[in-house]
2 protein chains.
Amino acid sequence: MLKRSISFLRSLNLMRLREGIQATRPTSSQLHHMISERKRREKLNESFHTLKSLLPPGTKKDKASVLTTAREYLTSLRAQVAELSKRNQQLEARLPPAAKEAYNEEAAGSSNERVSVTLTQVVSESTPDQDQQIFDLQVVLRSVECCTEDMVIRILEFLKQVNNVSLMSLEANTWMSGSDSNVNRVILRLRVDQGTEWDEAAFQEAVRRVVADLALNNCRNQ
Amino acid sequence: MLKRSISFLRSLNLMRLREGIQATRPTSSQLHHMISERKRREKLNESFHTLKSLLPPGTKKDKASVLTTAREYLTSLRAQVAELSKRNQQLEARLPPAAKEAYNEEAAGSSNERVSVTLTQVVSESTPDQDQQIFDLQVVLRSVECCTEDMVIRILEFLKQVNNVSLMSLEANTWMSGSDSNVNRVILRLRVDQGTEWDEAAFQEAVRRVVADLALNNCRNQ
DNA sequence: TAGAACACGTGAACC
DNA sequence: TGGTTCACGTGTTCT
């Protein structure tokens with residue numbers, strides 16, 4: 001009903017312009033002017049609509065409301081960005097202790113391996129005990145489905161079977177990486193009684209097989 | 001130079017309206033209408049200017065340019081917020097919740113209970129999401145026989161049954177305390193989807209029962 | 001000179 | 001019934 005009246009008005013003015021030929025008026029340029037102004041208005045309204053579509057959905061369709069809420073929303077976003085980057089900086093400053101390894105892993109994402117296992121001996125200057133050694137075992141698993149719970153459970157149950165290692169401490173994290181895959185990282189500090197035989201490479205390979213098997217099974221189930 | 005012509009136009013039209021008295025026209029309401037429209041335009045232009053002042057300083061003063069660059073700037077800010085909060089979440093997940101050692105000692109030392117479970121909500125100012133909350137669950141178990149592996153496994157398997165909580169990070173330690181008993185401490189950072197019902201006390205009690213049951217069984221077995 | 005941008009007053013529609 | 005918002009055509013200035 002609104003569109004119809006607008007079209008009516010337009011045709012009416014067009015008629016008037018065509019009648020102007022009798023009145024010997026330079027309507028040729030006036031018509032261009034009219035059309036240009038019309039185009040300009042359409043373009044402006046278009047921008048108004050697209051801008052409104054980006055604002056929080058409860059916004060009024062008023063032009064004034066669009067402008068003011070755009071202003072408010074913009075300042076709000078700015079404040080969010082400032083606060084987030086500040087918080088981010090704080091977090092990154094506090095991070096160094098253990099996260100560099102994971103950071104390296106993330107940066108080394110060029111490797112397409114879904115599971116990586118590294119085993120490094122901890123040289124503890126405080127207790128240079130000869131009959132037992134301490135190792136840090138880090139397991140990183142990239143997977144869509146595997147949850148950290150299953151991963152930790154599997155590793156711990158495997159560890160219980162190995163009778164000359166005991167768990168000192170354990171740290172596990174999970175976070176999103178890229179589009180949809182998430183990264184599970186587990187770091188275990190192990191005390192190894194050196195009395196019996198201890199094959200470092202074999203142990204590491206066994207852990208790798210356990211985790212890879214878990215990933216395969218989970219992918220199969222879902 | 002522009003202002004002068006505008007003022008001239010205004011006075012001219014005012015004169016025309018006053019002449020309308022002779023023509024017996026109801027110009028009383030027309031004048032109000034005119035003034036209202038004028039006010040509306042001023043207000044709108046004001047909003048345009050204030051909006052432009054918030055945009056990057058190189059912006060054209062065109063109304064169309066203001067609208068389009070506002071749109072672009074807004075989407076850019078949105079993307080920044082999304083990326084920052086994502087990065088922030090990664091950092092927070094990787095940050096061990098170990099800043100409460102003193103708090104742990106206090107909670108563990110005051111009570112003679114062999115198992116203590118504390119659940120504290122993490123107020124994250126960076127991601128104030130309403131539909132999900134973050135909790136730190138700390139479980140401390142004094143026992144002679146129970147190894148940390150069993151404790152972690154039991155807690156994680158219980159957690160898998162609760163379907164609206166997911167594990168963000170996990171930290172476990174064990175150390176000697178006093179003569180022969182050792183202390184196992186597990187701290188879990190949990191994300192709780194607030195959609196369903198969430199009884200904090202019930203959850204805490206359930207965890208306590210699970211761990212206490214584990215301790216009893218292990219003592220019986222050994 | 002052509003074209004873009006703006007402010008203006010006015011009629012109409014919606015509450 | 002007024003109050004508010006909108007689209008329209010037009011005149012003017014700047015490039």
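By convention in this document, chain letters (A, B, ...) are assigned in the order of the sequence lines, proteins followed by strands, and residues within each chain are numbered from 1.
The shortest non-hydrogen separation linking B:Leu188 to B:Leu156 is CD2-CD2, 4.1 Å. Taking every heavy atom of both residues into account, A:Asn184 and A:Cys147 meet most closely at ND2-C, 4.2 Å.
Every residue meeting the salt bridge (Lys or Arg N to Asp or Glu O under 4.0 Å) condition with A:Glu205, not counting sequence neighbours, appears here in chain and number order: A:Arg208. Annotation: salt bridge (Lys or Arg N to Asp or Glu O under 4.0 Å) contacts of B:Lys43 (sequence neighbours excluded): none. A search for ring pair (Phe, Tyr, Trp, His ring centres under 6.0 Å) contacts involving A:Tyr73 returns nothing, not counting sequence neighbours.
Within the 4.0 Å cut-off from OP1 or OP2 of C:dG9, at least one side-chain nitrogen or oxygen of B:Arg38 is found. Residue B:Arg40 places at least one side-chain N or O closer than 4.0 Å to OP1 or OP2 of D:dC6. Put simply, B:Arg41 has a side-chain N or O that comes within less than 4.0 Å of OP1 or OP2 on C:dG9.
Candidate nucleotides D:dC6, C:dG11, D:dG11 were compared by shortest atom distance to the side chain of B:Gln30, and C:dG11 ranks first.
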Under 3.5 Å, side-chain donor or acceptor atoms of residues 50-57 of chain A against the rest of the protein: list the pairs with distances, not counting sequence neighbours.
{"from": "A:Thr50", "atom 1": "OG1", "to": "A:Glu46", "atom 2": "O", "distance (Å)": "3.3"}
{"from": "A:Thr50", "atom 1": "OG1", "to": "A:Ser47", "atom 2": "O", "distance (Å)": "2.9"}
{"from": "A:Ser53", "atom 1": "OG", "to": "A:Thr50", "atom 2": "O", "distance (Å)": "2.5"}

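The distance between atom CD of B:Glu37 and atom P of C:dA7, rounded to the nearest whole Å, is 12 Å. Counting to the nearest Å, the P atom of C:dG9 and the NZ atom of B:Lys39 are 13 Å from each other. When the P atom of D:dC8 is taken as reference, atom CG of A:Leu31 falls 15 Å away, rounded to whole Å. For the pair A:Ile35 CD1 and C:dA2 P, the computed distance is 16 Å after rounding to whole Å.
Contacts of residues 45-64 of chain B with DNA chain C (heavy atom under 4.0 Å): B:Asn45, B:Lys61, B:Asp62, B:Lys63.
Counting any heavy atom pair closer than 4.0 Å across all strands shown, B:His33 reaches a base atom.
Judged by closest nucleotide on DNA chain C, A:His32 is the one of A:His32 and A:Leu44 placed further toward the 5' end.
Distance CE/B:Met168 to OG1/A:Thr148: 10.5 Å, rounded to 0.5 Å.
Using a 4.5 Å cut-off on side-chain heavy atoms (C-beta onward), B:Lys61 and B:Phe48 make no contact.
Remark on the helix from C:dA2-D:dT15 to C:dC15-D:dG2: inter-end axis angle 0°, axes from five-pair C1' superpositions, rounded to 10°.
A tilted orientation is assigned to the rings of B:Trp198 and B:Phe203, their planes being inclined by 30° to 60°.
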